[in-house]
J.: 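Starting off with a structure, shown below.
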Amino acid sequence: MEKHYNHKEIEQWWQNFWEKNQTFKVIEDNTKKKYYLLEMFPYPSGNIHMGHVRNYTIGDVIVRYKRMKGFNVLHPMGWDAFGMPAENAAINNNTHPAKWTYENIKIMRDQLKKLGFSYDWARELATCKPEYYKWEQWLFLKMLEKDMVYRKKSYVNWCEHCQTVLANEQVESDMCWRCGNMVQQKKLWQWFFRITDYAEDLLSYCDKLSGWPDNVTLMQKNWIGKSTGSKIKFKIVGHDEYISVFTTRPDTLFGSTFMCLAPEHPFVESLSKGTSQEKKVAEFVQKILNQKRSKNALEKYEKQGVFTGVWCINPSNNKKIPVYTANFALMEYGTGAVMSVPAHDQRDFEFAKKYNLDIKIVIQPHNKVLDVNTMPEAYAGDGVLVNSGQFNGMENKLAIEEITTWLEKNNKGKKAINFKLRDWGISRQRYWGTPIPVVYCPDCKVVPVLEKDLPLILPEDIDLLDNGGSPLAEFDSFFKTFCPRCGRDDAKRDTDTMDTFVESSWYFLRYCNPHYDKGMFDSEAVKYWMPVDQYIGGVEHAILHLLYSRYFMRVLQTLELIDFKEPFTRLLTQGMVCKETLTCPEHGYVFPEEAEILDGKTLCKKCRKTVEVGNVVKMSKSKKNVVDPNILLEKYGADITRLFCLFTAPPEKDLEWNDDSVEGCSRFINRVWRLVLQSTEKSENIVPYTGSSKNLSGNAKKLYIKANQTIKKVTNDIETNFHFNTAISAVMELVNTMYGIDFDSSHIKNDTDMKKVTAFCIENIVLLLSPLVPHFAEELWKRIGKKSSVIEQPWPKYVKDALATSDVLIVVQVNGKIRSKFIIDSQIDDEAIKERAIKEKAIQKYIKDKEIKKVIVVKNKLINIVV
RNA sequence: GCCGAAGUGGUGGAAUUGGUAGACACGCUAGACUUAGGAUCUAGUGCCGCAAGGUGUGAAGGUUCAAAUCCUUUCUUCGGCACCA
């Protein structure tokens with residue numbers, strides 16, 4: 001008997017076996033219940049990393065489990081193949097994005113196969129192939145027809161030196177990552193999807209996603225950010241126009257002492273023109289617009305602003321208030337204008353203090369009296385209105401309604417709902433993406449490409465520009481074209497490509513029949529498979545990708561292409577795989593293999609300097625805190641690697657890398673290996689015991705009960721929340737129990753019941769482990785003499801009457817502290833337990849002459865005596 | 001800054017939803033076996049204490065017969081923040 005599980009031979013053998021037998025090929029079958037399990041498809045960055053291994057292992061276990069439960073399971077895999085890294089790699093390595101991408105796909109596909117995942121590879125897809133993106137372009141045209149897409153000017157990060165657009169990621173502390181120049185904001189024409197049309201629907205359905213984790217739906221709700229309030233008009237002094245503001249606090253309207261406009265607000269330039277402030281305003285706007293405008297960056301800047309030179313009228317009291325432009329006012333939110341109420345909003349308060357503006361209290365709290373001169377900060381709470389004309393004395397919550405009604409009557413404002421969610425800008429000024437199928441004609445302006453001309457192919461015989469800009473504009477055979485409408489020969493194509501989030505918003509439909517060429521997807525197959533029953537992916541996608549996918553289903557429903565709204569019935573957001581970072585003072589981040597530990601100090605192998613061991617963070621190439629799955633596969637094989645991912649932490653929690661823990665998994669695998677093979681040698685042709693526990697006694701009974709408890713525990717752990725870590729511990733306990741039995745002792749050797757129970761245990765250990773460590777289980781299944789493949793077996797069932805012994809352990813507490821324990825028959829009533837507990841010697845010591853005030857008995861568990 | 005999580009032994013993590021804190025595993029200690037061991041098996045292992053006992057779930061309060069679990073305040077770490085995917 002081999003003492004060790006030889007992963008190299010065995011895993012290769014079974015992978016070939018599965019491939020040869022097409023074990024994982026799946027077709028629609030109306031006689032079976034379907035189960036669609038999807039893992040977020042990877043970006044082909046070059047190598048599978050531990051995050052992928054973990055994600056796909058979790059999925060694979062569920063798939064194999066569901067198969068054994070009798071489901072017809074769809075488990076596809078593909079490639080999110082467009083994206084920026086391909087372009088960067090192409091520039092750095094003097095290759096082509098397509099070549100780089102396809103090479104990576106090949107490498108990663110091989111790695112996935114080595115891990116033994118049960119994909120139906122016939123359904124593989126890559127989003128960079130024309131047969132895929134053709135249908136994305138087709139959908140774009142449909143959306144254009146229905147006015148679900150529109151064009152507007154919007155800001156991008158711009159590097160003047162490189163003459164190119166930068167992603168937020170490419171901006172490092174306001175500078176271009178390539179050349180180090182200051183990044184500016186540039187306004188470009190771009191395409192937007194009207195996702196805000198579905199804001200209300202996307203929001204309300206959050207509560208119906210019962211199979212999603214609460215924190216994810218909560219984040220989505222906050223992202224959509226619905227708020228109810230009022231839109232109020234402020235007349236501009238000396239102009240016919242009004243500034244419109246959105247506010248959730250119309251009750252503070254009388255306290256608005258100044259107005260703030262976003263720097264991009266169209267009024268800022270037009271109003272300041274001709275005033276003494278014109279120059280100052282222009283300078284300020286320029287400065288702000290050159291700063292990175294993402295919200296997290298914005299919060300870091302100090303609040304600042306400039307008077308525009310004009311005034312407007314507060315409609316509540318007709319007082320003149322100054323109009324400012326300020327960096328904290330966002331054009332994207334509400335109307336781009338903020339009615340500032342410094343007494344009751346902290347941001348406005350700080351601004352007013354800084355620029356010496358009026359502060360006027362209009363709400364007095366119930367428990368104290370505010371004084372403008374002494375208040376250290378704004379008061380944003382509830383109270384009673386003051387300085388508010390006819391509304392004085394009213395509770396502010398009531399005043400929200402009343403003031404809005406009054407505004408409506410006087411045509412100065414109205415009730416309004418505002419969403420934080422903005423329309424989805426999909427234009428990317430990049431090469432490696434889906435071309436936007438639109439042509440610009442000097443006569444006909446914006447003209448969609450004709451459907452018959454799809455796919456609009458991304459030319460691949462092209463040289464990339466060193467600055468990272470899109471080469472499409474320089475590539476005449478693509479750029480110059482005929483107008484599809486009038487035929488003019490000097491029309492120009494849109495050189496932008498689509499955001500890669502577009503591809504990932506519908507790929508799960510395509511998997512249902514990935515090579516279907518009569519439409520975007522095969523409706524019949526989609527009807528059978530969709531929605532996805534279980535989606536699994538990183539928690540870092542909790543908002544954008546999931547929201548966009550939900551939005552896309554609504555678009556397709558509106559276009560009457562599908563008949564459901566929600567793509568993912570259940571969602572598991574797996575935690576990240578983390579590891580500490582290592583930073584060398586000379587070489588920056590270093591890989592774990594570039595450092596070594598000597599006398600408790602971590603040293604850089606190159607320069608011998610002490611390496612700083614940093615925080616435990618998500619594994620990433622840029623931080624070099626990665627473990628290469630290849631090394632694990634080589635040393636331990638797929639099953640032990642898989643077992644590590646499953647055992648070390650529950651799926652939703654972050655997993656911290658730990659070399660020692662892998663060693664432990666390896667030990668367990670070999671322990672099971674020896675146990676199964678040894679007992680098989682000893683008990684050939686024994687039929688496993690499967691009856692009631694009543695007919696057993698002694699060790700055989702105990703072991704039988706333990707085995708049935710294990711089946712129940714493992715099944716429950718998988719069914720309820722995929723807690724494989726506890727499922728594995730349960731199997732470990734059973735294995736430990738069996739190791740504790742001396743099978744060589746004479747009385748066990750002659751005990752046929754025991755032999756039958758042992759056979760039962762052995763079979764079930766293999767079955768229970770089979771979804772987790774499939775190669776290992778297949779091999780053992782074969783070696784215990786089974787003819788068919790383990791994956792074709794039904795999932796084990798436990799025998800109900802073999803779950804518990806009749807004795808239970810009662811814990812005795814005095815005043816909540818444990819003082820004694822005893823074992824008692826579970827049928828005994830509370831009174832008897834009480835009597836027994838009080839008689840206990842260890843208890844008498846604590847009760848003595850004290851009066852018993854209260855006794856609490858928890859059935860079959862605990863008794864607490866209060867004295 | 002805003003939104004969302006997580007803090008339990010030397011380490012990863014368990015605790016049928018308020019009822020024995022530390023399952024299972026790593027590490028460590030001791031022993032057995034062996035030519036050898038970084039293989040394997042057995043036992044022990046939260047902390048303080050010789051012991052009796054005390055104490056203990058990031059910190060501080062509170063509710064309860066009983067709190068890792070519920071409430072309040074607070075600290076630390078991680079993720080997302082719309083052009084990384």
Side-chain angles (χ1 to χ4, degrees), chain A residues 3-4 40-43 45 80 82-85 88 156-157 165-171 190 213-216 218-219 221-223 225 294-301 332 347 420-430 499-501 504 538-545 547-548 573 575-576 578 615-618 620 622 647-650 652-665 667-668 670-671 674 713 716 720 723 725-726 728-733 736 739-740 809-818 821 853-856 858-859 861-867:
Chain A
K3 290 224 158 105
H4 298 281
M40 289 180 185
F41 64 167
Y43 179 78
S45 58
D80 188 12
F82 274 140
M84 212 172 47
N88 293 331
V156 292
N157 300 312
V165 174
L166 300 174
N168 285 341
E169 187 192 51
Q170 298 173 315
V171 180
Q190 310 203 59
D214 290 339
N215 63 323
V216 175
L218 189 56
M219 279 192 265
K221 282 185 202 170
N222 290 335
W223 186 259
S294 72
K295 218 175 294 169
N296 58 330
L298 202 63
E299 298 291 348
K300 288 173 199 146
Y301 297 127
E332 299 85 20
R347 197 182 49 191
K420 222 164 69 192
L421 182 71
R422 306 200 301 261
D423 277 338
W424 175 11
I426 58 144
S427 293
R428 296 289 179 273
Q429 296 69 34
R430 293 185 213 298
D499 181 2
T500 56
F501 271 124
S504 55
V539 65
E540 64 272 23
H541 294 286
I543 297 175
L544 291 181
H545 162 59
L547 190 66
Y548 291 153
T573 47
M576 290 158 302
C578 301
N615 284 342
V616 175
V617 295
K618 178 182 164 183
S620 72
S622 57
F647 180 64
T648 307
E652 71 280 2
K653 272 189 93 166
D654 286 350
L655 184 153
E656 190 183 332
W657 178 259
N658 184 337
D659 288 314
D660 293 336
S661 185
V662 193
E663 237 2 281
C665 292
R667 205 177 294 173
F668 172 66
N670 284 305
R671 239 166 111 80
R674 288 188 303 271
K713 168 90 177 137
N716 274 352
T720 53
H723 276 198
N725 56 333
T726 48
I728 295 163
S729 348
V731 179
M732 284 174 169
E733 281 187 50
N736 289 347
Y739 264 85
L809 179 72
I810 302 290
V811 171
V812 189
Q813 296 181 333
V814 179
N815 287 345
K817 292 197 169 166
I818 296 152
K821 299 170 190 181
K853 282 188 188 159
K854 204 171 175 185
V855 178
I856 292 125
V858 181
K859 188 103 187 104
K861 218 165 220 178
L862 172 144
I863 173 167
N864 189 9
I865 302 165
V866 186
V867 297

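We name chains A, B, ... by the order of the sequence lines, and we start the count at 1 in each one.
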J.: Taking OP1 and OP2 of A85(B), is either one under 4.0 Å from a side-chain nitrogen or oxygen of Thr500(A)?
T.: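 Answer yes for this pair, as a side-chain N or O of Thr500(A) is under 4.0 Å from OP1 or OP2.
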J.: Examine the base of U16(B) for any acceptor or donor lying under 3.5 Å from a partner atom in the side chain of Lys861(A), and report the outcome as yes or no.
T.: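 Checked by distance alone, the answer is yes.
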J.: Within the structure, does a side-chain N or O atom of Asn864(A) lie under 4.0 Å from either OP1 or OP2 of G19(B)?
T.: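 For G19(B), OP1/OP2 do not have a side-chain N/O of Asn864(A) under 4.0 Å.
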J.: So, is Lys854(A) close to the C65(B) phosphate, meaning a side-chain N or O under 4.0 Å from OP1 or OP2?
T.: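 Answer yes for this pair, as a side-chain N or O of Lys854(A) is under 4.0 Å from OP1 or OP2.
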J.: Would you say Asn222(A) places a side-chain N or O within less than 4.0 Å of OP1 or OP2 belonging to G4(B)?
T.: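 Yes.
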J.: Quick one: is A25(B) close enough that its OP1 or OP2 comes under 4.0 Å of any side-chain N or O from Asn736(A)?
T.: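 So the side-chain polar atoms of Asn736(A) do come within 4.0 Å of the phosphate oxygens OP1 or OP2 of A25(B), strictly under.
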J.: Using the C1' atom on both, measure A85(B) against G80(B) and round to a whole Å.
T.: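 One C1' to the other, the span is 13 Å.
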J.: Within the structure shown, what part of the strands sits under 4.0 Å from Leu421(A) by heavy-atom distance: base, sugar-phosphate, or nothing?
T.: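 The answer is base, as Leu421(A) lies within the cut-off (heavy atoms under 4.0 Å) of a base atom.
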J.: Would you please confirm or rule out a distance under 4.0 Å between OP1 or OP2 of A39(B) and any side-chain N or O of Arg674(A)?
T.: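 Answer no for this pair, as no side-chain N or O of Arg674(A) is under 4.0 Å from OP1 or OP2.
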J.: How far does CE of Met219(A) sit from CG of Leu544(A), to the nearest 0.5 angstrom?
T.: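 So the gap between those two atoms works out to 11.0 Å.
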J.: Reading RNA chain B from 5' onward, which residue's closest nucleotide shows up sooner: Arg428(A) or Gly740(A)?
T.: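 In this pair, the answer is Gly740(A).
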J.: With respect to the phosphate group of A82(B), does any side-chain polar atom (N or O) of Arg422(A) fall under 4.0 Å of OP1 or OP2?
T.: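 Checking A82(B) against Arg422(A), no side-chain N or O comes under 4.0 Å of OP1 or OP2.
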